[in-house]
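Count residues from 1 along the sequence.
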Amino acid sequence: RKLAEASLRDSEARLALIFNSTSDMKILFRAEPDGRFVTEAVNRSLVQNFRDSTGNEAADFVGEGFEALLSTTGLAPEEIESRRSLYLKATDGRVPVHFQSPASPLRDATEISLYPIVDQHHRCTHLLWSGRVVTERLKAEAALRESEMRYALVTQATKDGIYDWNLVTGDSYLSPSYKSMLGFRDDELTNELSSFLDRVHPDDSARTNEIVGRVRTDPTLEMFVDEMRLQCKDGS
């Protein structure tokens with residue numbers, strides 16, 4: 001019995017170490033039969049985030065219902081009840097639930113996962129709440145979308161034909177003006193490398209293929225200038 005108790009203490013110590021060493025925020029809720037969720041433990045990352053965002057100590061909410069913890073982050077009562085339905089979905093269905101919590105004056109945008117913890121009798125006794133702040137990632141994604149929109153506006157406004165080739169993914173893009181110069185509507189010519197190479201004049205194709213091969217093997221090549229003939233839709 002003493003060996004079993006010592007082994008249990010070691011196991012709990014390892015779990016506590018993992019619980020507190022991760023950069024993700026963690027909360028362990030006890031799932032009550034009546035649908036309540038009681039805060040049993042919070043990890044260091046959650047404590048720090050909670051202190052920075054609300055000025056409160058997350059540990060003060062241990063032993064209280066999850067409503068007290070969530071309301072301190074600025075969630076309205078109806079939002080808390082909406083969250084309860086997600087928590088119940090995880091515990092009743094015994095399946096992980098993932099959702100995103102938007103930013104507010106008191107909290108960052110956060111990706112949240114709920115993991116049910118089931119005992120040997122297949123009863124869901126606890127719920128592990130795991131949160132990861134994604135504010136910076138969302139900002140980066142928004143900046144990327146804005147950049148792509150500006151790029152699209154430039155390609156639509158200029159009369160130059162633009163061919164864009166992503167060397168990493170292999171994706172290609174032929175601007176509508178490029179296709180128009182060859183007599184095609186935008187939907188008549190696919191955005192593929194073959195749409196470019198297959199229309200090169202046979203007398204120019206060897207040199208063009210050599211350049212394409214050079215770019216493939218040396219993506220650091222900053223610029224090259226070439227002249228080639230391309231076949232139009234009418235065969236000219």
Side-chain angles (χ1 to χ4, degrees), residues 22-25 79 82-83 85-86 89-90 93-105 107-115 130-236:
T22 176
S23 59
D24 290 348
M25 297 176 287
E79 293 177 299
S82 177
R83 294 290 176 88
S85 65
L86 293 172
K89 180 180 178 181
R94 292 160 179 74
V95 293
V97 172
H98 310 281
F99 62 95
Q100 191 161 294
S101 177
S104 78
R107 62 182 184 275
D108 295 310
T110 308
E111 274 184 354
I112 296 173
S113 297
L114 304 172
Y115 299 101
S130 179
R132 176 175 298 175
V133 173
V134 292
T135 302
E136 292 305 316
R137 193 195 75 192
L138 294 177
K139 286 181 181 178
E141 291 174 349
L144 178 60
R145 286 194 297 271
E146 184 179 347
S147 175
E148 290 174 340
M149 287 175 63
R150 286 198 301 268
Y151 179 73
L153 285 173
V154 170
T155 59
Q156 291 168 16
T158 181
K159 292 184 179 180
D160 291 341
I162 296 176
Y163 172 63
D164 182 55
W165 178 25
N166 188 321
L167 296 175
V168 177
T169 65
D171 295 333
S172 297
Y173 170 75
L174 286 74
S175 70
S177 57
Y178 177 99
K179 299 175 184 179
S180 178
M181 290 164 63
L182 299 177
F184 291 92
R185 295 195 315 270
D186 187 22
D187 60 349
E188 288 183 312
L189 200 60
T190 59
N191 292 322
E192 297 176 359
L193 179 61
S194 58
S195 294
F196 172 75
L197 294 179
D198 291 351
R199 312 206 72 78
V200 177
H201 192 286
D203 292 345
D204 300 333
S205 62
R207 187 180 70 257
T208 302
N209 286 328
E210 187 274 328
I211 292 173
V212 169
R214 185 150 39 98
V215 173
R216 271 186 169 139
T217 56
D218 184 14
T220 63
L221 188 67
E222 292 186 0
M223 186 181 75
F224 67 85
V225 179
D226 193 28
E227 185 175 313
M228 64 195 72
R229 290 164 288 180
L230 297 172
Q231 186 182 45
C232 296
K233 180 180 178 180
D234 64 6
S236 61

> Would you indicate whether the side-chain heavy atoms of M25 and R132 approach each other to under 4.5 Å?
no
> Among pairs that include at least one residue of residues 185-205, which meet ring pair (Phe, Tyr, Trp, His ring centres under 6.0 Å), considering only residues two or more places apart or in two chains?
Y163-F196
> For D164, enumerate each residue passing the side-chain contact (heavy atoms from CB on, under 4.5 Å) test, keeping only those at least two apart in sequence or located in another chain.
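Testing D164 for side-chain contact (heavy atoms from CB on, under 4.5 Å), a comparison that skips the adjacent residues, returns Y151, Y173.
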> Taking distance alone, no hydrogens or angles, what donor-acceptor pairs closer than 3.5 Å link side-chain atoms of residues 93-100 to residues at least two apart or in another chain?
unit_1 : atom_1 : unit_2 : atom_2 : d
R94    : NE     : H122   : O      : 2.7
R94    : NH1    : D92    : O      : 3.0
R94    : NH2    : H122   : O      : 3.0
H98    : ND1    : S113   : OG     : 2.7

> Which heavy atom in L193 sits nearest to a heavy atom in S172, and how many Å separate them?
N-OG, 3.5 Å
> Inspect the contact between E210 and R207 and indicate whether a charged nitrogen and a carboxylate oxygen are less than 4.0 angstrom apart.
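A salt bridge is absent here (no side-chain N lies under 4.0 Å from a carboxylate O).
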> Can a donor-acceptor pair be found, under 3.5 Å and without considering hydrogens, that links the side chain of S147 to the backbone of A143?
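No, S147 side chain to A143 backbone: no donor-acceptor pair under 3.5 Å.
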> Of all the heavy-atom pairs spanning Y115 and S130, show the shortest one and how long it is.
CE1-CB, 4.1 Å
> Are any non-hydrogen side-chain atoms of D198 and Q231 less than 4.5 angstrom apart?
no
> Is any side-chain heavy atom of Y178 closer than 4.5 Å to one of L230?
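Yes. Closest side-chain heavy atoms under 4.5 Å.
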> How far apart are the closest heavy atoms of R107 and S101, and which atoms are they?
NE-OG, 3.5 Å
> Can you see whether S180 engages R185 through a side-chain donor-acceptor pair at a distance of less than 3.5 angstrom?
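R185 and S180 do not have a side-chain donor-acceptor pair below 3.5 Å.
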> Does a donor on one side chain sit under 3.5 Å from an acceptor on the other, for T110 and D108?
no
> Look at the side chain of S177 and the backbone N and O of D160, then say whether any donor-acceptor pair between them is shorter than 3.5 Å.
yes
> With a 4.0 Å cut-off on N to O distance, would you call E79 and R83 a salt bridge?
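No, no charged N to carboxylate O under 4.0 Å.
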> Would you call E146 and M149 a side-chain contact if the rule is heavy atoms closer than 4.5 Å?
no
> Minimum heavy-atom separation for T190 to L174, with atom names?
O-CD1, 4.0 Å
> Are the side chain of D204 and the backbone of V200 linked by a donor-acceptor contact shorter than 3.5 Å?
no
> Drop me the distance from L189's CG to S195's OG, to the nearest 0.5 angstrom.
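One finds 4.0 Å between CG of L189 and OG of S195.
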> Salt bridge check, E188 against K233: does any charged N sit closer than 4.0 Å to a carboxylate O?
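Here K233 pairs with E188 in a salt bridge, since their nearest N and O are under 4.0 Å apart.
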> Counting only N and O atoms by type, is there a donor-acceptor contact under 3.5 Å from the side chain of K179 to the main-chain atoms of F184?
no
> Are the side chains of W165 and D171 in touch, meaning some heavy atoms are under 4.5 Å apart?
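A side-chain contact is absent here, since even the closest heavy-atom pair is not under 4.5 Å.
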